[in-house]
Amino acid sequence: MGWVRTFRNNQFVALNDGSTNSNLQVVVELGKYDDEFLKRITTSASLKVTGNVLESLGKGQKLEVKATEIEILGHSDPEKYPLQPKKHSLEFLREIAHLRFRTNTFGAVFRVRHSLAFAVHKFFNEKGFVYLHTPIITASDAEGAGEMFRVTTLSLDNPKRQEDGSIDFSEDFFGRSTHLTVSGQLEGELGATAFGEIYTFGPTFRAENSNTARHLAEFWMIEPEMAFYDLEDNMNLAEEFIKYIIGYAIENNREDLEFLAQRLSDEEKSLPQDKRSEMDLMQKLEFVLTNNFERLTYTDAIDILKESNHNKKKKFQYPITGWGMDLQSEHERYLVEKHFKKPVILYNYPKEIKAFYMRQNEDGKTVAAMDILAPGIGEIVGGSQREERQDKLERRMREMHIPVEDMWWYLDTRRFGTVPHAGFGLGFERMVQFVTGMNNIRDVIAFPRTPKNAEF
Ligand code: ATP
Ligand code: MN
């Protein structure tokens with residue numbers, strides 16, 4: 001059983017059941033069916049075929065099914081079916097995202113996505129990590145306030161207000177102000193300080209109005225958190241993890257990856273020579289597997305960027321002003337794609353541009369943070385060793401205006417048997433982009449949520 005991809009010469013049906021891009025050829029006996037019936041075997045009609053599997057005489061397939069019986073399960077009007085057997089643009093396919101799984105490209109992308117997700121669980125399970133489900137609705141606004149989606153059952157027209165005019169959230173469903181989570185990390189730390197090693201893998205939400213090819217409003221994040229790990233252990237785990245899941249996909253999805261590699265090379269043919277990738281997708285993945293990621297401090301990265309010809313010729317939109325500045329994606333991509341030509345781990349960032357929970361280094365200026373940057377994508381992982389010293393953590397929270405009293409539950413981990421610990425967050429869709437070579441993040445999640453778009 002499957003869906004018709006093509007039907008040629010009233011004789012050969014290319015039938016696809018979604019398990020692979022390789023269709024099964026069904027041979028229809030000439031003269032056995034009337035024209036009315038044959039006319040209804042159209043692209044995307046669903047068929048049930050009974051027959052004998054034989055060695056194929058034709059080119060292009062080893063086996064075929066000689067049909068003894070064909071049942072049309074569902075008709076598909078060829079005048080109305082939007083997916084013709086020809087090349088459609090990815091933009092057009094986004095408008096019919098409910099049908100795009102039926103194309104070769106999206107078939108391949110989503111089978112690879114499945115494998116990567118499976119490999120995530122396999123990796124952590126083999127290491128003895130506990131899969132912790134952290135909440136999706138959260139009352140903690142310690143991170144990313146302003147970038148969060150509000151969750152409420154209050155009336156939008158006339159919510160009850162307090163004397164000062166502000167909305168009275170004590171009347172709201174949870175009796176307080178709540179949002180969709182931007183990260184499960186803080187709860188992840190609670191798990192790590194009991195189980196030792198945990199990971200989360202779930203949806204996260206950011207109401208950031210950034211219309212880029214690598215930001216979604218709803219995306220999936222993997223966040224391991226490990227007790228007794230320092231920053232270096234954290235980097236080692238992240239690198240091992242990335243290599244493991246890529247290796248799993250290469251082993252289990254070779255056919256789909258080779259298809260996607262070909263797709264990418266074809267797409268790049270329309271680009272000028274200097275914009276094309278030096279390696280094809282398969283080579284790039286093998287390269288990442290067999291080479292160490294480059295590790296350097298933020299300080300060294302700033303020096304490299306500052307001294308680069310690119311900077312001296314003023315080719316950066318944001319010039320390198322010096323130590324302390326936040327790196328823009330153009331800077332990250334320069335380091336990864338032009339300078340090192342491989343994945344890069346940057347660490348020890350200025351504390352001013354990083355979150356309150358990151359461990360303060362001895363120099364008083366930097367924190368034990370690390371970002372992993374991937375060619376073509378930019379930041380794929382953000383992580384750090386966490387500040388386990390209660391006094392230092394609280395001081396930093398007050399400096400950064402984090403509501404210390406509301407975070408009593410978080411600080412309890414530092415009060416009762418605190419330990420050095422570390423963790424990171426990997427954006428799952430960015431990983432899928434990297435492995436499939438898809439340029440736009442909207443094409444690696446089934447139903448993308450982006451500003452002004454929540455169709456399907
Ligand atoms: P960026 O600078 O690219 O916006 P970030 O610094 O906001 O990333 P973190 O808060 O560290 O990212 O989140 C951890 C990881 O989640 C990132 O490394 C990235 O892989 C992924 N990520 C972050 N924001 C998004 C988004 N809007 N859509 C998809 N993935 C995201
Ligand atoms: Mn961001």
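Nothing fancy with the numbering, it's 1 onward along the sequence.
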(message) Quick one, Glu240 with Lys127, criterion salt bridge (charged side-chain N to carboxylate O under 4.0 Å, His left out). Give me CA distance, side-chain angles, the key distance, then yes/no.
(response) CA-CA 12 Å; Glu240 185 189 344; Lys127 286 201 176 290; 3.0 Å; yes
(request) Please report the C-alpha distance between Leu186 and Met407 in whole Å, then the side-chain angles of each, then the deciding distance to 0.1 Å, and finally whether the side chain to side chain contact (heavy atoms under 4.5 Å, CB included) criterion is met. (result) CA-CA 10 Å; Leu186 301 185; Met407 302 282 291; 3.7 Å; yes
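- The aromatic rings of Phe110 and Phe101 sit perpendicular, their planes meeting at an angle over 60°, well past the 30° parallel limit.
- Contact check for Tyr131 versus Tyr199: side-chain heavy atoms found under the 4.5 Å cut-off.
- The shortest non-hydrogen separation linking Gly382 to Asp371 is CA-OD1, 3.5 Å.
- Looking at heavy atoms from C-beta onward, Asn23 lies out of side-chain contact with Leu15 at the 4.5 angstrom threshold.
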(request) Check step by step if side-chain hydrogen bond (donor to acceptor under 3.5 Å, both in side chains) holds for Arg102 and Asn16. (result) CA-CA 9 Å; Arg102 300 181 186 193; Asn16 191 287; over 6 Å; no
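- Checking Asn348 against Thr297 by side-chain atom types alone, no donor-acceptor pair falls below 3.5 Å.
- Atom NE2 of His310 is separated from atom CD1 of Ile304 by 14.5 Å, given to the nearest 0.5 angstrom.
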(request) Run the numbers on Asp172 and Thr152 for side-chain hydrogen bond (donor to acceptor under 3.5 Å, both in side chains), then give the verdict. (result) CA-CA 6 Å; Asp172 205 348; Thr152 183; 2.7 Å; yes
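- Using a 4.5 Å heavy-atom threshold, the side chains of Ser384 and Lys354 count as separate.
- The minimum heavy-atom distance between Val336 and Ala374, with the atom names listed, is CG1-C, 3.6 Å.
- Within the model, atoms CD of Glu126 and OH of Tyr244 stand 3.5 Å from one another, a figure rounded to the nearest 0.5 Å.
- Atoms CD1 and CZ, from Ile441 and Phe219 in turn, are 8.0 Å apart once rounded to the nearest 0.5 Å.
- Within a 6.0 Å radius of CD in Glu71, other residues, nucleotides and ligands contribute more than 12 heavy atoms.
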(request) Might you work through the salt bridge (charged side-chain N to carboxylate O under 4.0 Å, His left out) test for Arg359 and Asp230, ending with a clear yes or no? (result) CA-CA 10 Å; Arg359 193 173 197 278; Asp230 64 13; over 6 Å; no
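- Nearest heavy-atom pair, Leu93 versus Arg100, reported as atom, atom and distance to 0.1 Å: O-CD, 3.6 Å.
- Formation of a donor-acceptor pair under 3.5 Å by the Asn311 side chain with backbone atoms of Lys306 is found in this model.
- By the 4.0 Å N-to-carboxylate-O rule, Asp266 lies too far from Arg263 to be salt-bridged with it.
- In this structure, the side chains of Lys284 and Phe434 come closer than 4.5 Å at one or more pairs of heavy atoms.
- Of the inter-residue distances, the one linking Met148 atom CE with Thr178 atom OG1 reads 9.5 Å to the nearest 0.5 angstrom.
- The distance from atom CG of Leu180 to atom OG1 of Thr138, rounded to the nearest 0.5 Å, is 9.5 Å.
- Looking at Lys312 and Glu307, a side-chain N of the basic residue comes within less than 4.0 Å of a carboxylate O on the acidic one, giving a salt bridge.
- For the side-chain contact (heavy atoms from CB on, under 4.5 Å) with Glu294, the lone residue among Ile345, Val344, Leu373, Leu335 that qualifies is Val344.
- A perpendicular orientation is assigned to the rings of His331 and Phe316, their planes being inclined by more than 60° (bins at 30° and 60°).
- Note on ring orientation: taking the six-membered ring where Trp is involved, the planes of Phe205 and Phe149 are perpendicular (angle over 60°, cut-offs 30° and 60°).
- Closest non-hydrogen pair, Ile372 versus Ala238, comes out as CD1-CB, 3.6 Å.
- Atom CD of Glu55 is surrounded by 12 or fewer heavy atoms from other residues, nucleotides or ligands within 6.0 Å.
- You'll find the side chain of Ser76 stays beyond 4.5 Å of the side chain of Trp3, heavy atoms only.
- For the pair Thr42 and Val4, the minimum side-chain heavy-atom distance is 4.5 Å or more.
- The aromatic rings of His121 and Phe201 are tilted relative to each other, their planes meeting at an angle between 30° and 60°.
- Between the side chain of Asp17 and the backbone N or O of Ser19, at least one donor-acceptor pair lies under 3.5 Å.
- In this structure, the side chain of Glu455 does not engage the main chain of Glu95 through any donor-acceptor pair within 3.5 Å.
- Under a 3.5 Å cut-off, the side chain of Glu387 and the backbone N or O of Gln360 do form a donor-acceptor pair.
- Ring pair Trp323/Tyr298 is perpendicular by interplanar angle, where above 60° counts as perpendicular and below 30° as parallel.
- Judged by distance alone, the side chains of Glu189 and Tyr357 never bring a donor and an acceptor atom under 3.5 Å apart.
- The two residues Leu24 and Val65 come nearest to each other via the heavy atoms CD2-CG2, 3.7 Å.
- No side-chain N or O of Glu232 forms a donor-acceptor pair with one of Asn236 less than 3.5 Å apart.
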(request) Quick one: do Arg150 and Ser177 satisfy side-chain hydrogen bond (donor to acceptor under 3.5 Å, both in side chains)? Show the steps, please. (result) CA-CA 8 Å; Arg150 175 170 297 288; Ser177 161; 3.1 Å; yes
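- A donor-acceptor pair under 3.5 Å links the side-chain atoms of Glu223 to the main chain of Gly184, judged by distance alone.
- Annotation: Phe173, atom CZ; neighbour count of heavy atoms from other residues, nucleotides and ligands within 6.0 Å does not exceed 12.
- Side-chain atoms of Gln433 do not come within 3.5 Å of backbone N or O of Ile377 as any donor-acceptor pair.
- Nearest approach of Lys365 to Glu352, heavy atoms of both residues: O-OE1, 4.4 Å.
- The ring of Phe123 has its center no closer than 6.0 angstrom to the ring center of Phe129.
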(request) Report the C-alpha distance between Ser22 and Glu255 in whole Å, list the side-chain angles of each, state the deciding distance to 0.1 Å, and finish with yes or no for side-chain hydrogen bond (donor to acceptor under 3.5 Å, both in side chains). (result) CA-CA 9 Å; Ser22 304; Glu255 191 185 299; 3.0 Å; yes
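- For the salt bridge (charged side-chain N to carboxylate O under 4.0 Å, His left out) with Glu429, the qualifying choice from Arg113, Arg214, Arg442, Arg449 is Arg113, the only one to do so.
- From Glu330, atom CD reaches atom CD of Gln328 across 6.5 Å, with rounding to the nearest 0.5 Å.
- Tyr81 OH: more than 12 foreign heavy atoms inside a 6.0 Å radius.
- The side-chain heavy atoms of Val381 and Ile242, taken from C-beta on, include a pair separated by under 4.5 Å.
- Remark: the Ser115 side chain and the Asn253 side chain contain an N/O donor-acceptor pair separated by less than 3.5 Å.
- Between Glu286 and Gln283, every side-chain heavy-atom pair lies at or beyond the 4.5 Å cut-off.
- The residue from Asn104, Thr43, Leu83 that alone fulfils the side-chain contact (heavy atoms from CB on, under 4.5 Å) condition with Arg5 is Asn104.
- In this pair, Phe118 and Tyr248 present their aromatic rings tilted. The plane angle is within the 30 to 60° band.
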